[in-house]
Amino acid sequence: MQTDVTQPSQVESLVQTAVREFGRLDIMVNNAGIGVPHPQPIWDLPEENWDRMLAVNAKSVFLGIKYASKQMLTQDPHPSGDRGWIINAASVLGLTGQSATAEYCSAKGAVVNLTRAAALDCAPKRIHVNAFAPGYAATNMTTDHFGDEGTRVQLEGMHPFRGLGKAEDLAGVAVFLASEEAGWVTGVSFRS
C-alpha cells in the first residue's frame, strides 16, 4: 500500500488496512528512510534538508510506533502474553555520528532514543519496541556511495568484519526481534 510515512492519516490508514486484511497487526517494521544526497558541514546545511530528513527518518518512526501500538493495545495477547513487536530502522551513525551528515545522524539518533522511550511506555502492555542500527549495507539507498571505488573501500574498512552488510543481514535481525525468542528484549538498538 503506497503510504507517505510523514503523514499521520496515511500511516493510520496503513495500520487499519493491515488489520482489515489480516485481522490484526502483530509486527510493525518502521523501515522508510532517505540518505544524505550531498554531504556538507553543518554551516552549509539547508534548513529544508534538515526538515525533510527528520520528517522521513524520525517522524515516520514516531507515527509508525504510535499507530501500531494503539492497534496492538486493542488485540488479544498471544499465548506468550505478548501483544506485538515493533522494529525500527536506525543506523550506527545515530549512535556515533559522522562529519557532513548532521541531519542523518540526528534523525537516526532520534530513532534510537525514541525506541528506548517507547519501549518503556509499551513494555507494561507487552508490546516490544526495538531497533537495528546497521553500518553501511549494500542496498538501493547506498548504491551511490559505493560507485566510487575509493569511498567503497574506505567504508568497507570501517566495519568490524571488513565488508558491507547485505539486506539479508538486516532482515535476520528484524526477524529475531519480531520473534518469541526475543521475549525479554525491548528498548535496544542492535548495532552491526
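Note that the structure is a prediction, hence the values are computed from the model and not measured.
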Between [X] and [Y], is there a shared hydrophobic cluster once you connect ILVMFWY residues whose side-chain heavy atoms come closer than 4.5 Å?
{"X": "V36", "Y": "L164", "value": "yes"}
{"X": "L93", "Y": "V61", "value": "no"}
{"X": "F176", "Y": "L170", "value": "yes"}
{"X": "L177", "Y": "V29", "value": "yes"}
{"X": "F62", "Y": "L54", "value": "no"}

Write down the atom of [X], the atom of [Y], and the distance for their closest heavy-atom approach.
{"X": "I27", "Y": "M72", "result": "N-CE, 4.1 Å"}
{"X": "N88", "Y": "T115", "result": "ND2-OG1, 2.9 Å"}
{"X": "I65", "Y": "A118", "result": "CG2-CB, 3.9 Å"}
{"X": "N31", "Y": "A89", "result": "OD1-CB, 3.2 Å"}
{"X": "I34", "Y": "M53", "result": "O-SD, 3.5 Å"}
{"X": "A133", "Y": "L95", "result": "CB-CD1, 3.8 Å"}

> With P79, which residues qualify under side-chain contact (heavy atoms from CB on, under 4.5 Å), at least two apart?
Replying inline: none
Rounded to the nearest 0.5 Å, what separates atom [atom1] in [X] from atom [atom2] in [Y]?
{"X": "R83", "Y": "T74", "atom1": "CZ", "atom2": "OG1", "result": "8.5 Å"}
{"X": "L63", "Y": "T3", "atom1": "CG", "atom2": "OG1", "result": "11.5 Å"}
{"X": "S13", "Y": "Q7", "atom1": "OG", "atom2": "CD", "result": "12.5 Å"}
{"X": "S9", "Y": "L14", "atom1": "OG", "atom2": "CG", "result": "11.5 Å"}
{"X": "T101", "Y": "H38", "atom1": "OG1", "atom2": "NE2", "result": "14.5 Å"}
{"X": "F190", "Y": "N130", "atom1": "CZ", "atom2": "CG", "result": "7.0 Å"}

Quick one: which residue pairs count as a salt bridge (Lys or Arg N to Asp or Glu O under 4.0 Å) with a foot in [range], not counting sequence neighbours?
{"range": "residues 174-184", "value": "none"}
{"range": "residues 10-31", "value": "R24-D26"}
{"range": "residues 165-175", "value": "none"}
{"range": "residues 107-133", "value": "D82-R126"}

Side chains of [X] and [Y], heavy atoms from C-beta outward: is any pair under 4.5 Å?
{"X": "Q75", "Y": "L25", "value": "yes"}
{"X": "N30", "Y": "I86", "value": "yes"}
{"X": "P41", "Y": "D44", "value": "yes"}
{"X": "V5", "Y": "Q10", "value": "no"}
{"X": "W50", "Y": "S106", "value": "yes"}
{"X": "V92", "Y": "Q98", "value": "no"}

> Which residue pairs satisfy the ring-ring contact (aromatic ring centres under 6.0 Å, His included) criterion with at least one member in residues 63-84, sequence neighbours excluded?
Replying inline: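 Checked against ring-ring contact (aromatic ring centres under 6.0 Å, His included) - neighbours excluded - the pairs reaching residues 63-84 are H78-W85.
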Determine yes or no for a side-chain-to-main-chain donor-acceptor pair under 3.5 angstrom, with [X] supplying the side chain and [Y] the backbone.
{"X": "Q40", "Y": "A100", "value": "no"}
{"X": "T186", "Y": "A123", "value": "no"}
{"X": "S69", "Y": "K66", "value": "yes"}
{"X": "T17", "Y": "V15", "value": "no"}

>> For E48, is the CD atom crowded, meaning more than 12 foreign heavy atoms sit under 6.0 Å from it?
In response: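 Buried by this count: over 12 neighbours within 6.0 Å.
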> Please walk me through it: do S189 and F132 pass side-chain contact (heavy atoms from CB on, under 4.5 Å)?
Replying inline: CA-CA 5 Å; S189 295; F132 55 94; over 6 Å; no
